[in-house]
Amino acid sequence: MSAPSAAEQRLKLRTELRKARVSAGLTQRQVAKQMEWSPSKLLRIESGEVSISVNDLRPLLTTYGISDRRRIEGLLDLARGSRKMPFAEYRDVFKPEFLQFLALEASASAARYFNSLQLPRLLQTEEYTRAIATAYGSGVTLTETEERMLEAQLSRQDLLQSEACPDLYFILDEAILHRQIGGTGVMRAQLQRLAELSKHPKVTIMVVPYTAGAHPGLQGPFTLFEFASDEMPDSLFLENPRGDTVGSNKPEETRRYLELFWQLEDLSISGDMETLMHRLIQRIDNGDDDLAALLDTPPEE
């Protein structure tokens, strides 16, 4: 069995520390005062946004009244392991919540994505990603910070080539496949990329068609992560197009969104996605997806 990832160790440590504080009958404010920390520091540690050093952890455990040597060493080991988080080099350009999202994505055993406005980052070509970044950016060209954010987003796709690649399930609203982000050339290449990825043994692509009408996914995009370890709760992230995320591992919330994902599966078409993507490419080549052209087409008699 593989060693737990940094994300798994950080999540386990934050859970243990929160339990220990509650068992000691202490509030976060009381602990922060005794440790001479700002209250926000403890909040960030318990939320998993930041790691805790071994030097900080030892007196914290003393404050919680933990004296069992084996338990102390186990928690110290978690602290050491949790500091080696993936994508840590991008902490100057991403918020802690999104870095946590990236770390959990890299250590999940299964991931489920629903998107309605744009393709999930794992499926995007560089040109598609760049077109979106430029549209959201501050000008025609990307700033150095925006280039680094784009670099990180594309680096996520290394997961697809990894032996540890999780089972990846993607549900797309049909609108995504018709929105020509970057123009016809970029979208044509993007659809070809989807055709290739549809053959990946770990990738399942599904599409909610227009004919499904109003559906639960109209509430917005979301991602669910599942883990092989029983000690790791499922995690839910609500992600907006700019990459900002709100996470939760509350069982009632992750369960509700898992059931929502299953509802979307029932509404979706699946199967030969390679053929579907090639037919969408043909529509682009024939100009069939050009809405403006309909105004120039005389109505049928």
Side-chain angles (χ1 to χ4, degrees), residues 5 7 85-87 89-90 93-95 97-133 135-136 148-177 179 181-182 186-187 189-208 217 220-228 234-247 257-258 261 264-265 268 270 273-274 276-277 280:
S5 68
M85 296 285 279
F87 297 95
E89 65 270 29
Y90 297 103
V93 296
F94 287 126
K95 295 179 180 180
E97 295 86 356
F98 189 60
L99 290 173
Q100 185 179 28
F101 172 94
L102 296 177
L104 291 174
E105 181 178 65
S107 57
S109 60
R112 304 175 192 275
Y113 305 81
F114 170 74
N115 289 71
S116 56
L117 297 175
Q118 59 174 273
L119 286 166
R121 306 286 195 201
L122 288 180
L123 302 180
Q124 294 178 9
T125 64
E126 179 175 350
E127 293 76 13
Y128 185 102
T129 303
R130 187 172 292 278
I132 291 173
Y136 291 156
R148 293 193 66 235
M149 294 174 74
L150 183 145
E151 175 185 79
Q153 296 287 14
L154 293 173
S155 295
R156 290 169 62 182
Q157 297 182 10
D158 292 345
L159 186 64
L160 293 165
Q161 310 305 323
S162 169
E163 292 184 2
C165 180
D167 294 321
L168 301 170
Y169 302 91
F170 301 94
I171 297 182
L172 315 174
D173 190 280
E174 184 181 350
I176 293 175
L177 302 178
R179 183 170 293 110
I181 289 176
V186 170
M187 196 61 198
Q190 178 62 74
L191 291 170
Q192 181 59 44
R193 173 67 171 157
L194 292 178
E196 294 166 359
L197 286 173
S198 70
K199 297 183 288 184
H200 191 294
K202 291 284 190 173
V203 172
T204 300
I205 299 174
M206 296 163 277
V207 179
V208 180
F222 64 91
T223 302
L224 285 164
F225 296 131
E226 300 172 14
F227 303 91
D234 294 350
S235 291
L236 162 71
F237 284 87
L238 307 179
E239 181 182 1
N240 72 21
R242 296 187 67 90
D244 296 327
T245 58
V246 177
Y257 273 86
L258 180 58
F261 194 88
L264 292 170
E265 276 189 337
S268 297
S270 57
M273 288 293 113
E274 183 180 15
L276 176 62
M277 299 307 158
L280 288 170

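Numbering starts at 1 and runs along the sequence shown.
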Are R193 and Q190 close enough that a side-chain donor and a side-chain acceptor fall under 3.5 Å?
no
Q118 side chain to Q124 side chain, donor-acceptor N/O pair below 3.5 angstrom:
yes
In Å and rounded to the nearest 0.5 Å, what is the OG1 to CZ distance from T125 to R130?
10.5 Å
Ionic contact status for E226 with R112, cut-off 4.0 Å:
yes
Residues Y90 and E151: side-chain donor-acceptor under 3.5 angstrom
yes
So among L122, L119, I171, L172, which one has a side-chain contact (heavy atoms from CB on, under 4.5 Å) with Y113?
L122
Atom CZ in F87, atom CG in L99: separation rounded to 0.5 Å?
9.5 Å
Residue pair L264 / V208: nearest heavy atoms and the distance that separates them
O-CG2, 4.2 Å
Short question: side chain of S107, backbone of A103 - any donor-acceptor pair under 3.5 Å?
yes
Taking the six-membered ring for Trp, are F225 and F101 closer than 6.0 Å centroid to centroid?
yes
What distance do M206 atom CE and S198 atom OG have between them, rounded to the nearest 0.5 Å?
12.5 Å
Heavy-atom nearest pair, I181 first then A131, reads CG2-CB, 3.8 Å
